[in-house]
Amino acid sequence: MAKYKRTHMCGELSLNNLGEEVSLTGWVQKSRDLGGLLFIDLRDRTGILQVVFNKDIDPQLFEIAQKVRGEYVIHVSGKIGARAENAINKRMKTGYIEVLANDLTIISKAETPPIYIEDDLNVSENLRLKYRYLDLRRPVMQNIFFVRHRVNKLIRDYFDKNGFIEVETPVLTKTTPEGARDYLVPSRVQPGKFYALPQSPQLFKQILMVSGFDKYYQIVKCFRDEDLRADRQPEFTQLDMEMSFVDADDVMNIIEGLMKDVFISIKNQDISLPLPRMTYKEAMERYGSDKPDVRFGLELKDLSDILKDSEFKVFSDALKNGGCVKAINAEGCGGKLSRKEIDALGEFVKTYRAKGLAWMNFTEEGLKSPIAKFLKEEEISSIIERMNAKTGDIIFIVADNKKVVYDSLGQLRLELARKFNLIDENKIGLLWVTEFPLLEYDEEEKRYVAMHHPFTSPMDEDIELLDTEPLNVRAKAYDIVLNGYELGGGSIRIHDSEIQQKMFNLLGFSKEEAWKKFGFLLEAFKYGTPPHGGLAIGMDRLIMLLTGTDNIRDVIAFPKTQSASCLMTDAPSIADEKQLAELKLKFEKEE
RNA sequence: GGCCCAGUAGUUCAGUUGGUUAGAAUGCCAGCCUGUCACGCUGGAGGUCGACGGUUCGAGCCCGUUCUGGGUCGCCA
C-alpha cells in the first residue's frame with residue numbers, strides 16, 4: 001500500500017476506535033523527545049492526535065522518529081491505545097487516546113516556518129500574508145473557510161429549493177459610468193479598447209429578467225478600484241439575485257428566509273421574522289447612520305427647537321443656516337471619563353468635520369459644562385428633560401449641517417459603545433433600512449447622482465415630486481443591515497420607459513448619452529420587460545460577522561493589502577515589453 | 001491625496017540622557033533524558049536596528065526623505 005494512504009482523519013478518532021490498526025497522514029505540530037520515548041502531535045484539518053514511539057519496542061523506528069521536525073508531512077501506522085489515567089489530556093479532543101506507532105514515513109520535510117501554526121498567533125499581518133499557505137493551516141483560519149463553504153452550500157440549496165437558477169455573467173464586460181472606478185483590461189484584438197471588470201452583474205441580471213429566467217441568483221466575484229478598508233477589498237464576492245413580477249416585500253421575504261436558515265445552521269441562533277424595518281429617515285435621525293447598529297441605545301435626540309433662539313452662536317447659527325443641533329446621552333459614563341478623554345472625543349468628532357463637541361457632565365457636585373454659561377436656565381432644564389439626564393450622565397452635543405451632525409454623532413455613538421463595552425455580542429442586530437432617497441446632490445459634479453443606481457424605481461407616491469423636489473423622492477430601495485454593517489442592498493427597478501427617461505434627465509444624461517452608456521439594456525427593455533427587482537449581499541462581510549472577525553482579509557483566502565497588492569504572489573507586477581507591445585500600450589514616465 | 005500608528009535575532013518584544021561588545025523570551029541546532037502534551041536539563045549558533053541622506057568626535061536613539069504593513073477621512077451608484 002502506498003505510504004500516503006490513510007484510513008482515518010486525526011480528529012475523528014476516539015475511544016470507540018480502541019485497538020484498531022490505523023494509518024494517518026498529516027503535518028507534525030510538535031514532537032517531544034524524552035529519550036527513550038517520543039511523542040509526535042500529528043495534525044490534519046480535523047484535529048490533532050498524539051503518536052507514541054518507544055525505543056524499547058522498535059529502536060530503528062525510534063531513530064526515524066527522532067529525525068522528524070515541525071511541519072514535516074508524515075505517514076504513520078499503528079494501533080489506537082487508551083492513555084493511562086495520569087496521561088490523559090482533557091484539553092485535547094483526542095486526549096484520551098494515542099497511536100502506538102509501528103510504522104513511520106517522512107513524506108516531505110519542512111524548513112522551520114516563519115510563523116507558528118497555532119490559533120492565538122501574535123505575528124505581523126505582513127508575514128501572515130506573505131506565507132498565507134502557512135497562515136491558512138491554522139485551525140481558526142480553516143474553520144472560517146469551512147463556515148464559508150457551508151454558507152455557500154446553504155445558499156445554493158436555499159435558492160434551488162425556491163425555484164431560482166444560478167446563471168454566470170461575464171467577467172470581461174463593458175465599462176459603465178456612475179459608481180465606483182472600474183478595473184480595466186486592455187483588448188489585444190482591438191487595440192485601444194478596454195473591457196471593464198464588473199462592479200456587480202447589475203445590468204446582466206436585469207437582462208436575464210427580460211430573458212424570462214424569472215428567478216436568478218449567482219455567487220459572483222465583483223471588482224471595484226477604490227481605496228481599501230478593514231471591510232473592503234478590491235475584489236469581493238456577492239450573492240446576487242433578481243426576481244420578476246415582484247415588489248420589495250417579495251425580495252425581502254426571500255432574503256429573510258435565507259438569513260434565518262444561515263443563522264440557525266451556522267450560529268444555532270433563531271431569528272424571528274419578519275425582520276424589523278426602519279426608514280432611512282428614522283435611521284438617520286435616531287442613529288446618525290443608514291446602517292445603524294441597533295444592539296445598544298445611545299440614540300440621537302434633537303435639541304433644535306429648544307436652542308433655536310439660543311445666545312450661544314454655535315447653536316443658533318447652525319440652525320439659522322438650515323442645520324440642526326443633536327445630542328446623545330452617554331448614561332452613567334460621566335464619571336468614567338477624564339477631562340483628557342472628553343477632549344479626545346472632541347478630536348474624534350473632528351475627523352467627521354464637526355467643529356467641536358459640546359458636553360454637559362452631570363456630576364455629584366452638579367453640572368460641569370464649558371457651554372453652560374452661554375445657556376439660559378430654561379434651556380438647560382429643557383435639555384435635561386429631553387435627554388432624560390440624571391446624575392452620572394454626560395451629554396454630547398453637535399451643531400452643524402445635518403450631514404456633519406449625523407456623521408459625527410453617529411460615529412461618536414459607536415466609539416462610546418466600543419469604549420464602554422455596550423455591545424452584547426450575542427445579539428443579532430439584523431434589520432431592513434427602507435425608503436432611501438432616490439438621488440443625492442454631488443457638489444463636485446454639480447448634478448444629481450443616483451444613490452443606488454440609475455435604474456432604481458422611485459416610490460409610486462413620490463413620482464410627482466420628480467419634477468418639483470427631486471431630492472425628496474424616495475426610492476423602492478432597501479438595505480439589509482447586520483450589527484452596523486451594510487450587508488447588502490437592492491431595489492425594485494424601473495420598467496417604465498417614461499420614468500426611466502425622466503431619471504436620465506435628472507442625472508443630466510441626454511437621450512444620446514444614455515443610449516451610448518446603457519443602450520444594450522434600453523434596447524433589451526423594448527422587447528417586453530417584466531417588472532423586476534433584486535438584491536445583492538456582500539458575502540465577505542457576512543462571513544466576517546458570522547465568524548466574529550472584524551477584518552475582511554481573514555475571510556478571503558488570498559487577500560490584498562491596503563495598497564492592493566498580494567504579498568504572496570507579489571501582484572500587481574510589471575508587464576514585460578512584449579506583452580505591452582501586443583496590447584499597443586505605452587506608459588508615460590513619472591515626473 | 002490628507003491624518004494617525006508600527007518597523008531592532010526566524011518570531012514576539014526590551015533597549016535609560018546619543019557613548020565600549022545591541023539584550024530577553026520563544027524558536028532553531030547539538031548532547032542528555034521512558035509518560036510528555038508550553039516536557040525538562042546543559043551547551044551553541046543566530047543582527048544591513050526597513051532603506052537612503054543629514055547633524056555629531058560618536059546614531060538603534062536626534063532631523064529629513066523614502067519604502068512596507070495597519071487604521072481612518074476623502075473615495076466606495
Side-chain angles (χ1 to χ4, degrees), chain A residues 29-42 48-57 62 66 69-71 81 83-92 94-95 98 100 111-118 120-131 134 176-182 199-200 202-203 222-234 236 347-353 407-408 411 415 436-440 442-445 448-456 475 477 486 489-491 503 507 517-518 536 538 550-551 553 560-563 565 567:
Chain A
Q29 180 69 31
K30 185 100 187 170
S31 72
R32 292 176 292 280
D33 184 353
L34 273 60
L37 197 63
L38 191 151
F39 302 95
I40 288 178
D41 291 340
L42 185 65
I48 291 175
L49 181 59
Q50 177 167 280
V51 185
V52 196
F53 297 85
N54 192 316
K55 199 174 192 173
D56 290 345
I57 294 173
F62 192 84
Q66 282 185 308
R69 295 290 179 268
E71 298 309 310
R83 296 200 195 182
E85 188 72 31
N86 62 352
I88 288 170
N89 184 345
K90 288 185 175 161
R91 281 168 311 192
M92 278 176 83
T94 60
E98 60 195 358
L100 309 164
E111 287 184 18
T112 303
I115 64 176
Y116 306 139
I117 313 303
E118 61 189 26
D120 44 354
L121 183 67
N122 178 23
V123 69
S124 75
E125 202 171 346
N126 215 340
L127 277 179
R128 289 180 54 201
L129 293 177
K130 179 164 182 193
Y131 300 98
L134 298 179
T176 49
E178 308 287 285
R181 193 177 295 115
D182 283 323
Q199 296 174 29
S200 85
Q202 182 61 39
L203 304 183
C222 303
F223 306 86
R224 293 176 192 178
D225 188 4
E226 298 291 348
D227 284 358
L228 289 82
R229 286 288 186 281
D231 64 347
R232 259 166 38 191
Q233 282 271 307
F236 60 100
E347 287 304 309
F348 175 81
V349 296
K350 282 182 186 164
T351 315
Y352 304 94
R353 277 157 297 131
D407 275 0
S408 54
Q411 291 292 341
E415 176 69 11
F436 273 78
L438 184 71
L439 302 161
E440 39 188 359
D442 187 319
E443 291 292 344
E444 234 173 82
E445 296 198 34
Y448 296 114
V449 294
M451 192 148 177
H452 190 55
H453 62 63
F455 307 100
T456 299
E486 181 195 331
S491 66
M503 184 73 176
L507 296 175
K517 288 166 175 167
F518 310 112
D550 56 1
N551 173 341
R553 293 181 298 278
K560 309 252 185 315
T561 66
Q562 197 158 73
S563 51
S565 53
L567 296 181

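Just so it is clear, the structure is predicted and the values come from calculations on it, not from any experiment. Letters go in sequence order (proteins before strands), and every chain restarts at 1.
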Phosphate OP1/OP2 of [N]: any [X] side-chain N/O under 4.0 Å:
{"X": "Ser124(A)", "N": "U12(B)", "value": "yes"}
{"X": "Ser565(A)", "N": "G69(B)", "value": "yes"}
{"X": "Gln199(A)", "N": "C76(B)", "value": "no"}
{"X": "Arg128(A)", "N": "U11(B)", "value": "no"}
{"X": "Ser563(A)", "N": "G69(B)", "value": "yes"}
{"X": "Arg32(A)", "N": "C39(B)", "value": "yes"}
{"X": "Arg91(A)", "N": "A38(B)", "value": "yes"}

G74(B) base to Asp227(A) side chain: any donor-acceptor pair below 3.5 Å? yes
Tell me whether the side-chain N or O atoms of Arg229(A) pair up with the base of G74(B) as donor and acceptor below 3.5 Å, since no angle test is needed here. yes
Gap between atoms [atom1] and [atom2], on [X] and [N] respectively (whole Å):
{"X": "Leu228(A)", "N": "U68(B)", "atom1": "CG", "atom2": "C1'", "result": "15 Å"}
{"X": "Lys55(A)", "N": "G35(B)", "atom1": "NZ", "atom2": "P", "result": "14 Å"}
{"X": "Met92(A)", "N": "A38(B)", "atom1": "CE", "atom2": "C1'", "result": "13 Å"}
{"X": "Gln562(A)", "N": "C67(B)", "atom1": "CD", "atom2": "C1'", "result": "15 Å"}
{"X": "Ile48(A)", "N": "A38(B)", "atom1": "CD1", "atom2": "P", "result": "11 Å"}
{"X": "Lys560(A)", "N": "U68(B)", "atom1": "NZ", "atom2": "C1'", "result": "18 Å"}
{"X": "Gln50(A)", "N": "C39(B)", "atom1": "CD", "atom2": "C1'", "result": "11 Å"}
{"X": "Glu111(A)", "N": "U11(B)", "atom1": "CD", "atom2": "C1'", "result": "16 Å"}

What nucleotide, of [options], holds the atom closest to the side chain of [X]?
{"X": "Asn89(A)", "options": "G71(B), C37(B), U68(B)", "answer": "C37(B)"}
{"X": "Glu98(A)", "options": "C37(B), G69(B), U36(B)", "answer": "U36(B)"}
{"X": "Arg232(A)", "options": "C73(B), G10(B), C76(B)", "answer": "C76(B)"}
{"X": "Tyr352(A)", "options": "U72(B), G70(B), C37(B)", "answer": "U72(B)"}
{"X": "Asn122(A)", "options": "U36(B), G70(B), C13(B)", "answer": "C13(B)"}
{"X": "Leu34(A)", "options": "G35(B), C76(B), U72(B)", "answer": "G35(B)"}
{"X": "Glu226(A)", "options": "U36(B), U12(B), C76(B)", "answer": "C76(B)"}

Do any N or O atoms of the protein come closer than 3.5 Å to N or O atoms of nucleotides 22-24 of chain B, and which pairs are they?
none

Please state the [atom1] separation for the pair [N] and [M] - nearest whole angstrom.
{"N": "A51(B)", "M": "C33(B)", "atom1": "C1'", "answer": "47 Å"}
{"N": "G47(B)", "M": "G15(B)", "atom1": "C1'", "answer": "14 Å"}
{"N": "C49(B)", "M": "G44(B)", "atom1": "C1'", "answer": "24 Å"}
{"N": "C13(B)", "M": "U8(B)", "atom1": "P", "answer": "9 Å"}
{"N": "G23(B)", "M": "G60(B)", "atom1": "C1'", "answer": "12 Å"}
{"N": "A30(B)", "M": "G71(B)", "atom1": "C1'", "answer": "45 Å"}
{"N": "G64(B)", "M": "C76(B)", "atom1": "C1'", "answer": "35 Å"}
{"N": "U56(B)", "M": "A14(B)", "atom1": "P", "answer": "31 Å"}

With sequence neighbours left out, write down each residue that passes side-chain contact (heavy atoms from CB on, under 4.5 Å) with Arg69(A), or none if nothing qualifies. Tyr72(A)
Across the strands shown, which category fits [X] at heavy-atom distances under 4.0 angstrom: base, sugar-phosphate, nothing?
{"X": "Asp225(A)", "answer": "nothing"}
{"X": "Ile115(A)", "answer": "nothing"}
{"X": "Leu127(A)", "answer": "sugar-phosphate"}
{"X": "Ala450(A)", "answer": "sugar-phosphate"}
{"X": "Val123(A)", "answer": "sugar-phosphate"}

Are side-chain heavy atoms of Leu439(A) and Met503(A) found at a separation under 4.5 Å? yes
Any side-chain heavy-atom pair from Asn89(A) and Arg83(A) closer than 4.5 angstrom? yes
To check you understand the geometry: which heavy-atom pair defines the closest contact between [X] and [Y], and what is its length?
{"X": "Leu507(A)", "Y": "Ala450(A)", "result": "CD2-N, 3.4 Å"}
{"X": "Lys55(A)", "Y": "Gly35(A)", "result": "CD-O, 4.1 Å"}
{"X": "Asp407(A)", "Y": "Arg353(A)", "result": "OD2-NH2, 3.8 Å"}
{"X": "Ser491(A)", "Y": "His453(A)", "result": "OG-NE2, 4.0 Å"}
{"X": "Arg128(A)", "Y": "Ile115(A)", "result": "CA-CD1, 4.4 Å"}
{"X": "Leu134(A)", "Y": "Pro114(A)", "result": "CD1-CD, 3.6 Å"}

List every contact pair, protein side and nucleotides 26-29 of chain B side both N or O, where the distance is under 3.5 Å.
from, atom 1, to, atom 2, distance (Å)
C29(B), OP1, Arg69(A), NE, 2.8

Taking only residues two or more places apart in sequence, or in another chain, which ones meet Asp41(A) in a salt bridge (Lys or Arg N to Asp or Glu O under 4.0 Å)? Arg32(A)
Tell me every residue that passes salt bridge (Lys or Arg N to Asp or Glu O under 4.0 Å) with Lys130(A), counting only those two or more places apart in sequence or in another chain. none
Does the side-chain contact (heavy atoms from CB on, under 4.5 Å) test come out yes or no for Arg224(A) and Phe236(A), once each step is laid out? CA-CA 9 Å; Arg224(A) 293 176 192 178; Phe236(A) 60 100; 3.6 Å; yes
I'd like to know if the side chain of Gln29(A) and the backbone of Ile117(A) have a donor-acceptor N/O pair within less than 3.5 Å. yes
Ion pair Glu226(A)/Arg232(A), N-O distance below 4.0 Å: no
At under 4.0 Å between heavy atoms, how does the protein contact nucleotides 42-48 of chain B? Give one character per nucleotide, 5' to 3', with B, S or -. -------
Opposite nucleotide pairing with C29(B), Watson-Crick or G-U, both atom distances under 3.5 Å: G43(B)
Are Val349(A) and Gln411(A) close enough, and set up right, to give a side-chain contact (heavy atoms from CB on, under 4.5 Å), and what steps lead you there? CA-CA 8 Å; Val349(A) 296; Gln411(A) 291 292 341; over 6 Å; no
